[in-house]
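Here is the structure we will look at, set down as structure tokens.
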Amino acid sequence: MRKYQEILFLLQFILLPIFLLGQSKPDLEKLILESESNNDSIAIFALNKISYSYWGTSIDSSLIWAHKAIERADKNGTPIFQAQSNYNLAAAYDKAGDFQDALIYYLRALDYSKDNRMGRIRILNGIGILCRSMGEPKKSIEYYLNALKLLGQEDNDYATAMITNNLANAYSEINNKEKAEQYHRDALSVRQRIKDSLGIAQSLNNIGNIYLLKKEYIKAVKELESAEEIIGTKNVGDEYVNLLLNLGNTYAGMKLYNKSKKYLNKALSYGKKIGLKEEQAEIYSSMATLDSISGDFVNAYHNLYSYAVLKDSILSLEKAKEINRLETQYRVKENERKIIAVQKENELKSIKEAQQSKTIIIVSIGLIIFSLLAIYLAHIYIQKRKANRLLALQKEQITQKNKAINKALQEKELLIQEINHRAKNNIYIVERLLTAQLKEAKFTETKTLLKESQKRIQSISLLHNQLSSKEMPASINMKLYINELLDAYILVDKNLQMSSELEALTIDSDSALALGLILNELITNSIKHATTETKIIHISLKKQDDQLKLTVKDNNSDVDLGKVEAIDKLEASFFGTELVMGLVKQLKGTIEHMKNSGMIVQITIPSKK
């Protein structure tokens, strides 16, 4: 019996994959039809391969073929085929984002792999990865340790290195730096033994990152530079970008800012080349901090802006992925409900046909009808009880799955709240950073620039508060936004009198942010260049035809916004004016500047429909 299982194992993992390699979907489907009656092994492998081939195009189709593979494997009754088919279906559910069903089929695959040690190791590692995806790294540690325990009886260094590295990452996720370093070093030892150069570089980078988090910069540099010597000649994707980012942050911690900037620029260049948005955002954040420390506040502002744009793009992509995942789950559940409905309809049809047949027999055979009727009634009673039990079970399953979907929706809401919270914290950090720089500044011009930057950040903060307080943040209430902005000025300047004439308008968040920054610059200039102690400023926002008109008037300003030589032209002689001109151009608008007992600036932009 043991010898027979070893032959099946060889057939499954060596011969059949070679035979099926390169087969197209139509060829595989033909192969399944030809093997329906005489070759379960080929049919099961073909079904699983078709399921896998749909991963990148239609996860619904992948699930359908994976279920067919399980049906064939269960009919065959061979544990090794049942384990493989259940593992494949679990992986498909994991791909669809249905983690609960994925866990169910992983555990079924584990149960069928009692006599297949390497199969159990692969499944335990898969469950560990799934638990981390579900946000339960502590559970994943248990499965990784069990996999390593089984691997102790096998001579498979590549599997040992991979699972040990996964275990180290799980410990990092629960902030156990000591355990994480220990297992990363164990993985490094194995990879050095098998001369896996990229694996060695990955382990060195992971160890260096742990030292970076612990602020042990000298140790971090040693590990990270060793990794760069290996991976720098290969430039292998996100691992290389992550390594360069770690080096940049480490040298920043050592206050070697020029060296830090060199690595950060290199990381940004390569990250843009291969399209790593998440890593680019982290690099921009680090560069903004570095520029702020070195006093380059213009570059710090631009880097922070690039960081905000990328984060917004990533959030939009994550929302789209989440919506797609929920839609996929819904379609899968809907298909399952349709299958159940068809099955019930067929059962009812069969029962009806049976009733008609028995009625004909009863009419035909006369006296025998009483005995047959009794048998028939008993049969119907049993069938109905079975049907009721089945219906109750199906209802319970549907209820449980609906609860899972509701839980997923709640997790999505928590995710959005967490992102808003982090964005608010980032804005607060920038505000505190500017405040700290303001206290340290010695020159009046520097203090003025820092105060103006504070006002710009305040404009962004007010907009974010309004966005995060709405259920569907698609548009901004401009009347509320501008009034909050004006209130912030009045609180800090008692000699300032502000009035507004604002229509109840809502516009998109990008345009609202641009108008808020423009308004902030114009008010700041009016206050800065006022000729009398009492400053009077009037703000107007109206919609005319298909255009929005923002007007700022003051009573006593002699500012010319960059020495204006013509009515509709501004020269960008300082940063604020340059920012206003850039934002007006971004909005595809026009700007007019006039003087009439003070300053009048009118900005006209097209209204989006």
Side-chain angles (χ1 to χ4, degrees), residues 305 308-309 312-313 315-316 319 416 420 423-424 427 452 455-491 496-527 535-555 557 561 567-568 570 576-577 579-594 596 598-609:
Y305 182 77
V309 170
D312 184 65
S313 174
L315 177 59
S316 298
K319 286 181 180 178
I416 293 172
N420 283 331
K424 189 172 182 179
I427 292 171
E452 290 175 359
K455 287 296 181 183
R456 294 179 189 119
I457 293 301
Q458 190 175 52
S459 299
I460 297 171
S461 177
L462 290 173
L463 183 69
H464 176 263
N465 288 340
Q466 191 174 150
L467 284 172
S468 61
S469 67
K470 298 174 68 176
E471 229 175 275
M472 294 293 290
S475 59
I476 298 298
N477 184 327
M478 289 302 294
K479 185 173 182 179
L480 176 62
Y481 177 42
I482 292 175
N483 280 331
E484 288 179 346
L485 196 62
L486 301 183
D487 288 343
Y489 276 96
I490 294 171
L491 284 174
L496 179 61
Q497 298 179 16
M498 305 194 78
S499 61
S500 62
E501 186 180 353
L502 307 172
E503 290 187 6
L505 301 173
T506 57
I507 65 174
D508 64 282
S509 57
D510 289 340
S511 299
L513 177 57
L515 285 176
L517 290 171
I518 290 170
L519 186 56
N520 179 72
E521 295 303 322
L522 296 177
I523 294 173
T524 300
N525 282 336
S526 291
I527 295 172
K535 300 171 279 288
I536 301 174
I537 301 176
H538 179 75
I539 312 297
S540 171
L541 179 65
K542 296 180 180 180
K543 183 176 181 181
Q544 294 180 357
D545 299 327
D546 291 332
Q547 294 182 324
L548 293 179
K549 290 193 175 182
L550 174 66
T551 305
V552 179
K553 299 180 183 178
D554 66 41
N555 68 324
S557 171
L561 289 180
I567 257 326
D568 57 350
L570 297 176
T577 304
L579 179 60
V580 170
M581 295 300 293
L583 291 170
V584 171
K585 183 178 179 181
Q586 176 185 314
L587 293 171
K588 298 180 181 179
T590 60
I591 183 168
E592 294 182 65
H593 175 261
M594 297 163 281
N596 183 12
M599 178 192 72
I600 302 175
V601 176
Q602 186 174 79
I603 294 168
T604 304
I605 66 170
S607 175
K608 295 182 180 179
K609 295 183 178 180

In Å and rounded to the nearest 0.5 Å, what is the [atom1] to [atom2] distance from [X] to [Y]?
| X | Y | atom1 | atom2 | answer |
| --- | --- | --- | --- | --- |
| Leu517 | Tyr305 | CG | OH | 8.5 Å |
| Leu505 | Leu548 | CG | CG | 6.0 Å |
| Ile591 | Ile605 | CD1 | CD1 | 12.0 Å |
| Lys549 | Thr604 | NZ | OG1 | 5.0 Å |
| Ile603 | His593 | CD1 | NE2 | 11.0 Å |
| Met599 | Asp554 | CE | CG | 4.5 Å |

Taking all heavy atoms of [X] and all of [Y], pick out the closest pair and write down the distance.
| X | Y | answer |
| --- | --- | --- |
| Leu583 | Ala514 | CD1-O, 3.8 Å |
| Ile537 | Ser526 | CD1-CB, 3.8 Å |
| Ser500 | Asn483 | OG-OD1, 3.6 Å |

- Verdict with reasoning, Gln547 to Ser607, per side chain to side chain contact (heavy atoms under 4.5 Å, CB included): CA-CA 5 Å; Gln547 294 182 324; Ser607 175; 5.8 Å; no
- Qualifying residue for salt bridge (Lys or Arg N to Asp or Glu O under 4.0 Å) with Glu501, from Lys542, Lys553, Lys479: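 Among the candidates, only Lys542 passes.
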- Of Leu502, Leu550, Leu515, the residue whose pairing with Met478 passes side chain to side chain contact (heavy atoms under 4.5 Å, CB included):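 Output: one option passes, namely Leu515.
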- Given the rule in the side chain to side chain contact (heavy atoms under 4.5 Å, CB included) test, do Leu486 and Ile523 qualify, once you have shown the distances and angles that lead to the verdict? CA-CA 9 Å; Leu486 301 183; Ile523 294 173; 3.6 Å; yes
Got a donor-acceptor contact below 3.5 angstrom from the [X] side chain to the [Y] backbone?
| X | Y | answer |
| --- | --- | --- |
| Asn477 | Thr506 | no |
| Ser511 | Ile507 | no |
| Asn555 | Ile536 | yes |

- Let me see the working for Leu541 and Ile482 under side chain to side chain contact (heavy atoms under 4.5 Å, CB included), right down to the final yes or no. CA-CA 9 Å; Leu541 179 65; Ile482 292 175; 3.8 Å; yes
- In sequence, state the C-alpha distance, the side-chain angles, and the governing distance for Met498 and Leu496, and then conclude on side chain to side chain contact (heavy atoms under 4.5 Å, CB included). CA-CA 6 Å; Met498 305 194 78; Leu496 179 61; 3.6 Å; yes
